[in-house]
Protein chains: 2
Amino acid sequence: MAEKVTISTVAQHAQVSRQTVSNVLNSPDVVREDTRRRVLDAIEALGYRTNRAARQMRTGRSQLIAVRIEPTRDGINGSVLDRFLHGLTDAAATAGYRVMLYTAAGPADEIATYDDLLSSYELDAFVLTGTDHGDVRTEWLAARGVQFVTFGRPWDNPERHLWVDVDGASGTAHATDHLIAAGHRRIGFIGWPAGSGVGDDRRAGWARAMRDAGLEPAAALDRQTPDGIAQGESVAGDLLRGDAPPTALVCASDSLALGALQAVRAAGATVAVTGFDDTPVARAVGLTSVSQPLAEAAAGCMDLLASALDGDHAALGHRIGPMLLQPTLVVRQSA
Amino acid sequence: MAEKVTISTVAQHAQVSRQTVSNVLNSPDVVREDTRRRVLDAIEALGYRTNRAARQMRTGRSQLIAVRIEPTRDGINGSVLDRFLHGLTDAAATAGYRVMLYTAAGPADEIATYDDLLSSYELDAFVLTGTDHGDVRTEWLAARGVQFVTFGRPWDNPERHLWVDVDGASGTAHATDHLIAAGHRRIGFIGWPAGSGVGDDRRAGWARAMRDAGLEPAAALDRQTPDGIAQGESVAGDLLRGDAPPTALVCASDSLALGALQAVRAAGATVAVTGFDDTPVARAVGLTSVSQPLAEAAAGCMDLLASALDGDHAALGHRIGPMLLQPTLVVRQSA
DNA sequence: TTGTAGGCGTTATCAA
DNA sequence: TTGATAACGCCTACAA
């Protein structure tokens with residue numbers, strides 16, 4: 001077990017005062033070059049690392065950011081959070097931060113957790129994955145001046161706070177374009193009930209691409225249902241049994257798409273299907289799907305946070321604003 | 001923004017010294033009942049929370065445990081880590097700990113990260129997911145007296161350190177039994193190359209169940225391949241084209257099973273298939289699979305750690321040892 | 001440019 | 001049973 005090496009140890013070793021060591025670390029420009037050199041060498045030689053707890057006590061900053069790990073719902077979309085978390089952890093480490101996990105049963109519970117985390121761990125910031133209209137969490141955080149960024153736009157007001165998002169409309173538009181290019185004309189959409197920002201956005205992309213191609217995004221081809229494989233299968237089945245069944249289906253999630261695929265197979269039909277999120281399941285069953293740049297999104301969240309917390313970037317003149325990333329379409333056998 | 005309430009605030013409010021407040025918190029038995037009451041009331045009224053950084057500086061303990069978030073390889077098995085992490089975060093919170101994430105490119109990088117995390121954040125313990133024969137990481141940690149627990153047995157020596165694991169052999173044996181009960185006799189196994197503890201274990205379960213039923217786990221029915229859908233498909237295809245093809249296949253992973261399922265479909269055969277891990281993909285495609293009790297495993301890891309770290313359980317006389325949990329078979333259409 | 005002094009909130013030691 | 005004192009490692013004044 002190595003001896004504990006503190007700032008004093010370094011100071012002794014470098015023949016300077018503790019303060020000079022601290023200056024080398026925190027205000028390098030204020031210390032003479034050769035002294036700086038000497039101190040840096042000592043730090044290197046001794047393997048000194050600043051003790052975060054001590055620093056935190058003085059500065060009130062923990063270099064810790066928190067993110068919620070949600071229980072995997074139908075499981076399929078769990079991998080999205082997974083990849084996002086990995087990217088965030090990487091980006092955070094690079095920026096000198098670490099990621100702490102927390103769970104919460106609901107919004108109220110989540111706010112209680114914020115309170116706890118903030119007052120006892122002094123977390124520097126939160127990363128929220130997704131927001132709703134009138135999100136109580138973001139209001140709570142903003143009211144207390146806590147830094148946070150959301151992965152997902154605040155749908156009611158884009159200026160409300162820092163966010164990073166992926167352009168879902170663009171994703172479904174890509175998928176729709178791809179189908180149109182393949183000769184499809186009757187292209188249906190299976191998405192979530194109106195009211196969820198994300199769902200509305202994805203539906204809008206389909207409708208836009210249809211209109212841009214001179215096609216009508218008819219209500220008869222536009223279905224709404226809660227997320228899930230069974231739901232997708234049921235709704236797709238309805239569509240396929242309709243008057244003028246679609247020859248292709250754009251779905252708002254891989255879960256819905258997977259259900260749709262099953263309905264198509266059951267009906268013995270040949271209908272192209274696209275999903276959203278490019279989950280492992282999509283890869284496994286050959287489902288064409290819209291892929292979100294999750295590592296980039298995570299890095300974006302961290303950039304925004306670092307910018308707000310450290311003020312470096314702001315000082316450098318390029319204050320970073322919200323960012324909307326473009327997804328890509330991964331084409332497989334299903335479409 | 002609420003005023004900062006420290007132990008001194010509480011002391012004033014309760015008309016006692018700071019130390020007494022500390023005692024109420026850390027050695028309740030040493031303080032008189034009515035004083036304790038008074039202090040507790042003050043804590044409640046003021047909403048006091050102990051500052052972890054300050055406590056950490058004194059005690060050297062951070063109440064933080066670290067776990068690595070791995071990049072999802074073929075993606076399918078990512079959900080396993082996901083569920084484990086969720087369970088761990090929950091269990092940790094209950095035990096008064098928090099989970100910190102880190103990534104690492106390889107064993108060497110991982111050890112460098114240990115060093116960093118330990119010396120600058122003073123982490124209390126690590127949770128490793130899986131170990132190999134002669135794992136350098138566990139040796140490094142053990143040599144430095146760092147607490148850790150592995151989710152996965154140390155295959156060369158069960159006594160080496162704390163661990164929690166799921167009985168993989170039991171899982172594949174269940175699957176095999178299930179197939180035997182359904183009338184199958186020629187049951188093949190598709191697993192990983194010999195040498196990986198986990199893979200060998202799962203293979204052993206199949207072989208044992210076969211023998212127990214008076215059947216021969218013939219080499220002709222036993223295949224080894226790296227993990228992956230493509231690999232599973234290829235190997236299963238070979239088996240199906242063999243002299244006396246199996247009527248059922250037990251696979252060491254859902255990835256392999258999924259590939260096998262595709263090979264079966266391509267061959268137009270009717271062959272039962274079982275997988276391992278009960279991933280979302282298995283649920284999606286109706287694959288019978290062995291399900292690991294991940295939340296329990298995570299809770300077990302935390303229990304072991306808390307026991308070692310806090311010594312409470314040890315003091316109470318029931319020192320907790322390694323634990324081997326039983327998986328369950330989730331039966332779906334594929335078998 | 002460098003050094004000295006003080007304090008962040010907590011707990012351990014020891015005296016009252 | 002309670003309270004005063006010191007110390008954990010660092011950083012921010014301020015003085016030299």
Side-chain angles (χ1 to χ4, degrees), chain A residues 2-40 42-43 46-64 96 116 118-124 310, chain B residues 2-40 42-43 46-64 96 118-124 310-311:
Chain A
E3 277 310 304
K4 193 160 286 186
V5 30
T6 78
I7 213 169
S8 299
T9 325
V10 176
Q12 280 178 18
H13 192 95
Q15 315 257 45
V16 297
S17 75
R18 287 181 307 175
Q19 185 46 32
T20 302
V21 179
S22 175
N23 281 338
V24 168
L25 259 24
N26 303 304
S27 325
D29 41 317
V30 90
V31 59
R32 209 172 48 210
E33 176 58 21
D34 61 326
T35 325
R36 205 177 62 87
R37 236 308 157 354
R38 203 145 35 91
V39 171
L40 253 21
I43 287 178
L46 266 30
Y48 165 81
R49 248 100 156 205
T50 89
N51 178 322
R52 318 300 280 223
R55 165 177 290 179
Q56 176 180 349
M57 209 160 60
R58 277 302 283 163
T59 64
R61 303 251 320 257
S62 61
Q63 304 292 104
L64 247 32
D116 180 40
L118 249 19
S119 62
S120 107
Y121 285 92
E122 306 187 76
L123 266 73
D124 288 349
D310 305 335
Chain B
E3 277 310 303
K4 193 159 287 184
V5 30
T6 78
I7 212 169
S8 297
T9 324
V10 176
Q12 280 177 19
H13 193 94
Q15 315 258 43
V16 297
S17 74
R18 287 181 308 176
Q19 185 47 33
T20 301
V21 178
S22 175
N23 281 337
V24 169
L25 259 24
N26 304 303
S27 324
D29 40 317
V30 90
V31 60
R32 207 173 49 211
E33 176 58 19
D34 60 328
T35 325
R36 205 176 63 88
R37 241 299 155 3
R38 203 145 35 90
V39 171
L40 253 22
I43 287 178
L46 267 29
Y48 165 80
R49 246 101 155 203
T50 92
N51 178 324
R52 319 300 281 225
R55 166 178 289 177
Q56 177 181 349
M57 203 156 69
R58 249 335 254 171
T59 63
R61 303 253 319 259
S62 61
Q63 303 291 104
L64 247 32
L118 249 20
S119 61
S120 107
Y121 285 90
E122 306 186 74
L123 266 73
D124 288 349
D310 305 336

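In this text, all values refer to a predicted model and were calculated from it rather than measured experimentally. In what follows, chains carry the letters A, B, and so on, assigned in the order in which the sequence lines appear, proteins first and then strands, with residues in each chain numbered from 1. We use all heavy atoms of the structure for the numbers below, so side chains are in, but hydrogens, waters and symmetry mates are not.
- A 4.5 Å side-chain heavy-atom check between A:T20 and A:R38 finds every atom pair outside the cut-off.
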Report all interatomic pairs (protein N or O, nucleotide N or O of nucleotides 14-16 of chain C) with separations under 3.5 Å.
none

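- At a threshold of 4.5 Å between non-hydrogen side-chain atoms, the residues B:D310 and B:R61 count as touching.
- Side-chain contact between B:N51 and B:T6 is absent, with no heavy atoms from C-beta onward closer than 4.5 Å.
- Between A:Y48 and A:I7 the shortest heavy-atom distance is CE1-N, 3.6 Å.
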One character per nucleotide, please: for nucleotides 5-12 of chain D, 5' to 3', B when the base has a protein heavy atom closer than 4.0 Å, S when only the sugar-phosphate does, - otherwise.
BBBBBBBB
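- Residue B:S17 places no side-chain N or O under 4.0 Å from the OP1 or OP2 atom of D:dA4.
- If you take CG of B:D29 and P of D:dT2, they are 12 Å apart, rounded to a whole angstrom.
- Pairing each heavy atom of B:V10 with each of B:L46, the nearest pair is CA-CD2, 3.8 Å.
- In this structure the side chain of B:E33 reaches within 4.5 angstrom of the side chain of B:R36, judged on heavy atoms.
- Note that the CG atom of B:N26 and the CD atom of B:Q19 stand 8.5 Å from one another [nearest 0.5 Å].
- Between A:L25 and A:I43, some side-chain heavy-atom pair lies under the 4.5 Å cut-off.
- Checking the phosphate oxygens (OP1, OP2) of D:dT2, no side-chain nitrogen or oxygen of B:T20 falls inside 4.0 Å.
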